[in-house]
Student: 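One structure is given below, represented as structure tokens, and several questions about it will come after.
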Amino acid sequence: MDVRELTIGEFGRRTGLSAKALRLYEVSGLLRPASVDPATGYRRYSTEQVERACRISLLRQLDMPLSVVAEVLAGDDTEAAIRLDRWWQAQEAQTRSRRGSVEYLRQQLTQGGPARRPYAVTLLDRPETKVACITRDCDQQSLVPTTLACAAEIATHLRGSGATPLGERWILFHGHVTPDSEATVEIGLPFSGTVEPVRDIAIRVEPAAVMAAATVPRGDCFYPKIMLAYDDVQDHIREAALPVTGAPREIYFAEWCEIADDDPFVHVAVPVRPTNHSGV
């Protein structure tokens, strides 16, 4: 035996992982033994694998799925940190969503609290814009991680091609996304410059449009509370008799980690054809 190799029991004691967990990580490909005795089937691990095993243990304590653990540990430490931050941001968003659902339901059940102030709805002139986009089917739970992953993939492609992202992130909803049903969404980054489509990243031109829009602060940007902004936009469209000309969308114009809960974060917007619009 190589002096740097440990039995499965010794390795488990060093890393805090049970033999059952180690066999699971072996089957999943996350942590294969350094050697397996062909006669006895005894597994031995290298001391160089201790750090990776400890990282797997910590990530699993966060309830991170095995598939995501594999993604986090697939690259170097810098890439792992980026993937970890992206996943954790999605977990925090889901926690806020669940908390918001409880508060929303409690208010309905008790019919208490002050009357809600509607979001102000204005008409926004949006210029013709080049956008790189990825289309996915997702439900409410997978919406945030899917959006973040696709936006990161698009941004990497744009910068690698010499194009410049314009600082917004779009989600166009081509169906009704709920916790129980999937719908098609389009994640897009507007950009300047020239870039070619690649894999599932499409390049298109979003035509100039007028949007009926409500601006939502960061603290309200979770499901189902954000749906109140959609309600206010739809009420405005109906009352003003504005024909709808495109899919509803969320236009994010700030970075979550750089602003406070009261700061404007996203436009909930619907393209319309105004009958008497002088520009906003």
Student: Can you tell me if CZ on Phe253 sees more than 12 non-hydrogen neighbours from other groups inside 6.0 Å?
Tutor: yes

Student: Heavy atoms, side chains only, cut-off 4.5 Å: are Leu166 and Ser192 in contact?
Tutor: yes

Student: Looking at side-chain heavy atoms only, is the closest gap between Thr15 and Ser57 below 4.5 Å?
Tutor: no

Student: Side chains of Arg204 and Cys133, heavy atoms from C-beta outward: is any pair under 4.5 Å?
Tutor: yes

Student: Do Trp87 and Leu62 come within less than 4.5 Å of each other through their side chains, counting heavy atoms only?
Tutor: yes

Student: Counting N and O atoms only, with roles assigned by atom type, does the side chain of Arg249 sit under 3.5 Å from a partner on the main chain of Ala247, one being a donor and the other an acceptor?
Tutor: yes

Student: Do Leu22 and Tyr45 make a side-chain contact, defined as non-hydrogen atoms from C-beta onward lying under 4.5 Å apart?
Tutor: yes

Student: So, for Ala229 and Val216, which heavy atoms are closest and what is the spacing to 0.1 Å?
Tutor: CB-CG2, 3.6 Å

Student: Are Gln141 and Tyr223 linked by a side-chain donor-acceptor pair shorter than 3.5 Å?
Tutor: no

Student: To the nearest 0.5 angstrom, please state how far the CG atom of Asp220 sits from the CG atom of Asp262.
Tutor: 9.0 Å

Student: What about Leu31 and Leu59, same hydrophobic cluster or not, with Ile/Leu/Val/Met/Phe/Trp/Tyr joined at side-chain heavy-atom distances under 4.5 Å?
Tutor: yes

Student: Quick one: do Glu10 and Arg14 make a salt bridge, cutoff under 4.0 Å?
Tutor: no

Student: For Arg86, enumerate each residue passing the salt bridge (Lys or Arg N to Asp or Glu O under 4.0 Å) test, keeping only those at least two apart in sequence or located in another chain.
Tutor: none

Student: Donor-acceptor pair, distance only, cut-off 3.5 Å: does the side chain of Ser46 make one with the backbone of Glu48?
Tutor: yes

Student: If only atom types and distance count, is the side chain of His267 paired as donor or acceptor with the main-chain N or O of Ala212 below 3.5 Å?
Tutor: no

Student: How about Trp256 and Arg218: do any of their side-chain heavy atoms sit closer than 4.5 Å?
Tutor: yes

Student: Decide yes or no for Tyr252 and Ile171: does some side-chain heavy atom of the first lie under 4.5 Å from some side-chain heavy atom of the second?
Tutor: yes

Student: Are the side chains of Glu153 and Asp200 in touch, meaning some heavy atoms are under 4.5 Å apart?
Tutor: yes

